[in-house]
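Inspection log for the structure reproduced underneath, given as structure tokens.
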Amino acid sequence: SQAYRQSSTVTASHAEKAKSVDPDNRLLWRQNLRRMEAEPLRDCILHVAGALRSDMYGPPTAIVRRPDGEVVVNDGKLPQKRSIYLRNKRSAPVSILQLFDQPDIETNCTRRNQSTVPLQALSLLNSDLVVNAAEAFADRVLLESPQDPIGYAFMAVTGRRADAEQLQGLAEFILRQSDIYLRGEQDEQDEQDEQNKATEQELKQASRLALVDLCHVLLSSNEFTYID
């Protein structure tokens with residue numbers, strides 16, 4: 001429907017009046033901002049990283065409960081199949097899907113809950129799925145767009161081009177992270193000497209690790225996880 005296809009972004013000239021008349025959007029004058037459901041979110045992370053297996057059918061993908069309690073798919077290794085092919089075990093739900101409100105299969109579910117809790121952000125920062133996906137994403141970026149890795153990564157995640165201010169901020173982030181990987185915890189003078197002595201291979205590796213961090217940030221961003 002036309003209402004379903006609307007954007008949640010409030011930029012139209014009638015927005016202020018609409019907000020005053022219907023602040024709760026009961027009349028659907030805009031789309032409500034919503035987060036992707038658990039399974040599409042996992043699949044999108046893998047797809048952007050170039051680590052989503054597209055083959056269909058076959059047996060369920062195995063899950064593993066680690067000693068720390070986290071339940072992961074394929075022991076955390078990439079690539080992985082779509083969430084629809086995961087083994088769904090009542091006593092061991094996949095951790096990242098459970099955190100993002102996958103229904104509990106022990107009871108009937110007529111409508112999914114949608115929560116916003118700190119553990120979701122922590123999971124995107126620390127989950128093996130996202131950490132490994134960020135590394136795979138960085139390798140994909142370097143392979144497909146070595147001349148403009150920042151712009152390509154931003155476009156792949158958000159579906160739009162970054163503006164000048166965003167590009168500058170992301171470029172500065174890459175430089176800071178590269179310095180951290182290259183220089184370590186040495187003092188400023190020692191850092192400068194170390195940079196002068198750094199080989200081309202060391203500079204390349206530091207830049208790659210910085211790009212991995214950038215890809216991780218983008219995959220964890222609200223603009224990626226929420227639909228507007």
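Residue L33 holds its CG atom at 11.5 Å from CG of N25, rounded to the nearest 0.5 Å. Atom CD1 of I174 and atom CG of L214 lie 4.5 Å apart (nearest 0.5 Å). The structure places CG of L41 at 9.5 Å from CG of L46, a figure rounded to the nearest 0.5 Å.
Follow the hydrophobic side-chain contacts under 4.5 Å out from L211 and you never reach L209; the two are in separate clusters.
Without hydrogens or angle criteria, R35 side chain to S115 main chain gives a donor-acceptor distance under 3.5 Å. With hydrogens and angles ignored, the 3.5 Å screen pairs a side-chain donor or acceptor of D163 with a backbone N or O of E165. Judged by distance alone, the side chain of E202 and the main-chain N or O of T199 form a donor-acceptor pair under 3.5 Å. For the pair D22 (side chain) and A18 (backbone), a donor-acceptor distance under 3.5 Å is absent. Between the side chain of S178 and the backbone N or O of A210 there is no donor-acceptor pair closer than 3.5 Å. Between the side chain of Q80 and the main chain of A51, no donor-acceptor pair closer than 3.5 Å is present. With hydrogens and angles disregarded, no donor-acceptor distance shorter than 3.5 Å links the side chain of S145 to the backbone of V141. Between the D101 side chain and the A38 main chain, no donor and acceptor come within less than 3.5 Å of each other.
The environment of I84 atom CD1 is sparse: at most 12 non-hydrogen atoms of other residues, nucleotides or ligands sit within 6.0 angstrom. Annotation: R26, atom CZ; neighbour count of heavy atoms from other residues, nucleotides and ligands within 6.0 Å does not exceed 12.
Here R208 pairs with E135, D139 under the salt bridge (charged side-chain N to carboxylate O under 4.0 Å, His left out) rule; sequence neighbours left out. Partners of D213 according to the salt bridge (charged side-chain N to carboxylate O under 4.0 Å, His left out) rule, which considers only residues two or more places apart in sequence or in another chain, do not exist here. The side chain to side chain donor-acceptor pair (under 3.5 Å) check on E16 picks up nothing, with sequence neighbours excluded. Residues that satisfy the side chain to side chain donor-acceptor pair (under 3.5 Å) test with Q6, not counting sequence neighbours, are absent from this structure. With sequence neighbours left out, N113 forms a side chain to side chain contact (heavy atoms under 4.5 Å, CB included) with no residue at all.
Taking the side chain as every heavy atom from C-beta outward, V73 and L129 never approach each other to under 4.5 Å. Using a 4.5 Å heavy-atom cutoff, the side chains of I63 and V72 are not in contact. Using a 4.5 Å heavy-atom threshold, the side chains of F100 and E39 count as separate. Between L125 and S220 there is a side-chain heavy-atom pair separated by less than 4.5 Å.
Of all heavy-atom pairs spanning S123 and V130, the tightest one is O-CG2, 4.3 Å.
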Where do Y152 and R140 land on the side chain to side chain contact (heavy atoms under 4.5 Å, CB included) test, with the steps shown first?
CA-CA 10 Å; Y152 183 90; R140 175 195 170 195; 3.3 Å; yes
Criterion side chain to side chain contact (heavy atoms under 4.5 Å, CB included) on R30 and K19, from CA distance to verdict
CA-CA 10 Å; R30 61 171 171 80; K19 287 172 66 176; 5.8 Å; no
Walk me through it: do Y85 and M56 pass the test side chain to side chain contact (heavy atoms under 4.5 Å, CB included)?
CA-CA 9 Å; Y85 292 108; M56 300 174 64; 3.5 Å; yes
Verdict with supporting geometry, Q120 and T225, side-chain hydrogen bond (donor to acceptor under 3.5 Å, both in side chains)
CA-CA 11 Å; Q120 292 167 349; T225 57; over 6 Å; no
Run the numbers on Q166 and F154 for side chain to side chain contact (heavy atoms under 4.5 Å, CB included), then give the verdict.
CA-CA 9 Å; Q166 290 169 331; F154 190 91; 3.7 Å; yes
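Between L124 and the options I45, L119, V131, a side-chain contact (heavy atoms from CB on, under 4.5 Å) holds for only I45. Tested against V48, the residues D43, L219, L218 include a single side-chain contact (heavy atoms from CB on, under 4.5 Å) partner, L219.
With no hydrogens or angles considered, no side-chain donor-acceptor pair links Q205 and Q201 at under 3.5 Å. A side-chain N or O of R42 and one of S83 form a donor-acceptor pair less than 3.5 Å apart.
Screening residues 68-92 for salt bridge (Lys or Arg N to Asp or Glu O under 4.0 Å) gives D55-K81, R66-D75, D75-K77 as the qualifying pairs, with residues at least two apart or on separate chains.
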